[in-house]
Amino acid sequence: MQRNKKGWEEHLKTVIKRQQEEERLRRQKHVETLVEQVKKQRRLREEFERERKQERIKMKESEEKRREIEWKERDRIEKDFEEKRRELTDKMKMQQDQWEKERREEQERRFKEDVNRGVEERLRLRKLEEHFQQEREEENMRKEKEDKVRREQEEKKWKEMRAEYERKTKEMMGKYEQEA
């Protein structure tokens, strides 16, 4: 009886150790998944920042080219102005006013575009973050459900094994008592 009992206890210990190892591996996998999600989020942010930085550089280069062209154009106009100043004073004044107006309008337009682009970038980043947060919450909820189901199954299995063990122990005790 003691040998059989020890056999059952050893079997039970083996099952418990296996379940503990499976639980440890599951937890380790969960931690690795979380680490991977954090890395993924970091990569997305870095990619977004790189894109934003490249866009800023392009905008700056474009602005510098525009200014350079503007300055060259202005130099040419000033030379022409010096040559024809007496004849075209009124025309020049009107033209200069028009240019100032266009430049202001262009600056206002660019400023509005920059503001709109910034708003769009923030909205896009917010949407990305919300999407990632939602995915993470869904993943966490799914894992919690899986953990709950698994724990319930393990508990049920444990109770069944315990009941089976107790039943067999009683059966063996009854058998040995009858034989005795």
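Model, not experiment: these values are computed from the prediction. Worth knowing before you read on, the calculation uses all heavy atoms, side chains too, and leaves out hydrogens, waters and symmetry mates.
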So how far is it from [X] [atom1] to [Y] [atom2], rounded to the nearest 0.5 Å?
X	Y	atom1	atom2	value
Lys5	Met172	NZ	CE	10.0 Å
Lys6	Leu12	NZ	CG	15.5 Å
Lys29	Leu34	NZ	CG	12.5 Å
Gln2	Glu9	CD	CD	10.0 Å
Thr169	Trp8	OG1	CH2	8.0 Å
Lys13	Ile16	NZ	CD1	9.0 Å

Exercise. Please walk me through it: do Arg24 and Arg27 pass side-chain contact (heavy atoms from CB on, under 4.5 Å)?
Worked result: CA-CA 5 Å; Arg24 185 189 66 77; Arg27 285 184 182 155; 5.8 Å; no

Any side-chain donor near an acceptor of the partner, [X] and [Y], under 3.5 Å:
X	Y	result
Gln107	Arg110	no
Glu130	Gln134	no
Glu129	Gln133	no

Between [X] and [Y], does at least one N-O distance fall below 4.0 Å, as a salt bridge requires?
X	Y	result
Arg76	Glu73	yes
Arg67	Glu63	yes
Glu105	Arg109	no
Asp97	Lys93	yes
Glu68	Lys72	yes
Glu70	Arg66	yes
Glu164	Lys168	yes
Glu146	Arg142	yes
Glu121	Arg117	no
Glu49	Arg52	yes
Arg43	Glu46	no
Glu154	Arg150	yes

Exercise. Would Phe111 and Asn116 count as a side-chain contact (heavy atoms from CB on, under 4.5 Å) if you check the C-alpha gap in whole Å, the side-chain angles of each, and the deciding distance to 0.1 Å?
Worked result: CA-CA 9 Å; Phe111 178 75; Asn116 289 339; over 6 Å; no

Problem set entry | Chi angles and distances behind the salt bridge (charged side-chain N to carboxylate O under 4.0 Å, His left out) call for Glu83, Lys79 | CA-CA 6 Å; Glu83 293 172 6; Lys79 286 177 185 175; over 6 Å; no

Exercise. Should Glu155 and Arg151 be marked as a side-chain contact (heavy atoms from CB on, under 4.5 Å) after you check the CA-CA gap, both sets of side-chain angles, and the distance that decides it?
Worked result: CA-CA 6 Å; Glu155 196 173 307; Arg151 280 194 302 272; 5.8 Å; no

For this session: Looking only at non-hydrogen atoms, find the nearest pair between Gln37 and Phe132 and report the distance.
Result: O-CZ, 3.3 Å

For this session: Might you confirm whether atom CE of Met94 has over 12 heavy atoms from other residues, nucleotides or ligands at distances under 6.0 Å?
Result: no

Problem set entry | CE/Met1: more than 12 non-hydrogen atoms of other groups inside 6.0 Å | yes

For this session: Kindly determine whether Glu144 and Lys148 satisfy side-chain contact (heavy atoms from CB on, under 4.5 Å), including the steps that lead there.
Result: CA-CA 6 Å; Glu144 285 176 11; Lys148 184 179 178 184; over 6 Å; no

Problem set entry | Intermediate values then yes/no, salt bridge (charged side-chain N to carboxylate O under 4.0 Å, His left out), Lys65 and Glu61 | CA-CA 6 Å; Lys65 285 179 183 177; Glu61 289 173 355; 5.6 Å; no

For this session: Test Gln98 against every option in Gln95, Lys101, Glu102 by the side chain to side chain donor-acceptor pair (under 3.5 Å) rule and name the one that passes.
Result: Glu102

Exercise. Among Arg124, Arg56, Lys58, Arg45, which one satisfies salt bridge (charged side-chain N to carboxylate O under 4.0 Å, His left out) with Glu51?
Worked result: Arg124

Exercise. Within a strict 4.5 Å, meaning less than it, do heavy atoms of the Trp158 and Val15 side chains meet?
Worked result: no

For this session: Given salt bridge (charged side-chain N to carboxylate O under 4.0 Å, His left out), test Lys143 with Glu139 step by step and report yes or no.
Result: CA-CA 6 Å; Lys143 286 183 179 177; Glu139 179 69 15; 3.4 Å; yes

Exercise. Where do Glu22 and Arg26 land on the salt bridge (charged side-chain N to carboxylate O under 4.0 Å, His left out) test, with the steps shown first?
Worked result: CA-CA 6 Å; Glu22 288 173 358; Arg26 187 194 60 73; over 6 Å; no

Exercise. Can a cation-pi geometry be assigned to Arg74 and Trp71, taking NZ or CZ under 6.0 Å from the six-membered ring centre and within 45° of the ring axis?
Worked result: yes

